[in-house]
Amino acid sequence: MVIDMPPGTGDTHISIVQRLNLTGAVIVTTPQDLALIDARKCVEMFSKVEVPILGAVVNMSGFVCGNCGEHTDVFGDGNEAQLCEELDTKLLAKFPLLKVIRESGDNGSCLLVESEESIKQLITEMARNVSVNFKK
């Protein structure tokens, strides 16, 4: 089962950790310094209750122009690599800020069906990385 929780370490997070036997956690963050601070807090919380961290995923890791394809790091770049090194975890995937990702979420469609091949490959690679780390 996958549980998508909002950022932070509040009552909801603590209740879920206390009530469910979690086998692992994937930390999802964005490249901004403030989001990475929240990610560190989540890792600390999971470590205290002995839930292994399976890796980290970065959302909005740059904007890709729909017209020219140029990649711009709107929210910064490189901080997530430092975070993963610091937390001794693997970077599972970096998802750029793309319209198709937002549209898929808004209309409830499957991103694996609706998106271009490069996004499908990112999702598949992320799942493969989670499964490899889960087996460890």
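Predicted, not measured: the structure shown is a model, and the values here were computed from it.
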- Message: Counting C-beta onward and ignoring hydrogens, is there a side-chain heavy-atom pair between Ile37 and Lys41 closer than 4.5 Å?
- Response: yes

- Query: Looking at residues at least two apart in the chain, or sitting in another chain, which of them share a side chain to side chain contact (heavy atoms under 4.5 Å, CB included) with Thr72?
  - Reply: Glu70, Val74

- With a 4.5 Å limit on heavy-atom distance, are the side chains of Phe95 and Ile123 in contact? yes

- Query: Is there a side-chain contact between Thr29 and Asp38 (heavy atoms, below 4.5 Å)?
  - Reply: no

- Which atom names give the shortest non-hydrogen contact between Ala56 and Cys84, and what distance separates them? CB-SG, 3.8 Å

- Would Met126 end up clustered with Leu98 when hydrophobic side chains under 4.5 Å apart are linked, directly or stepwise? yes

- Message: Quick check: closest heavy atoms across Pro31 and Ser61, and the distance to 0.1 Å?
- Response: CG-CA, 3.9 Å

- Interatomic distance, CG@Leu92 vs CD1@Ile53, rounded to 0.5 Å, equals 10.5 Å

- Message: On a heavy-atom basis, which atom in Met45 and which in Ile14 lie closest, and how many Å separate them?
- Response: SD-CG1, 4.1 Å

- Apply the test side chain to side chain contact (heavy atoms under 4.5 Å, CB included) to residues Val58 and Thr30: give CA-CA distance (whole Å), side-chain angles for both, the deciding distance (0.1 Å), then the verdict. CA-CA 5 Å; Val58 179; Thr30 56; 5.5 Å; no

- Message: Atom CG of residue position Asp106 - does it have more than 12 heavy atoms of other residues, nucleotides or ligands inside 6.0 Å?
- Response: yes

- Task: Only counting residues at least two apart or in another chain, list the ones meeting salt bridge (charged side-chain N to carboxylate O under 4.0 Å, His left out) with Glu44.
- Result: none

- Close side-chain approach of Val64 and Leu97, heavy atoms under 4.5 Å: no

- Mind running side chain to side chain contact (heavy atoms under 4.5 Å, CB included) on Phe46 and Ile27 for me, showing each step along the way? CA-CA 10 Å; Phe46 285 122; Ile27 305 301; 4.1 Å; yes

- Sequence-distant partners of Arg19, side chain to side chain donor-acceptor pair (under 3.5 Å), two or more places apart: none

- Side-chain contact, heavy-atom cut-off 4.5 Å: Pro96 with Leu122? yes

- On a heavy-atom basis, the closest approach of Gln32 and Phe75 is NE2-CD2, 3.3 Å

- Going hydrophobic residue to hydrophobic residue with side-chain gaps under 4.5 angstrom, can you get from Leu54 over to Val28? yes

- Can you see which heavy atom on Asn129 is nearest to which on Leu91, and at what distance? ND2-O, 4.5 Å

- Looking at CG of Leu111 and CD1 of Ile119, how far apart are the two atoms once the value is rounded to the nearest 0.5 Å? 6.5 Å

- Message: As an exercise, state the distance from CZ of Arg128 to CD of Gln121, rounded to the nearest 0.5 Å.
- Response: 9.5 Å

- Do Val100 and Glu116 have side-chain heavy atoms sitting under 4.5 Å apart? no

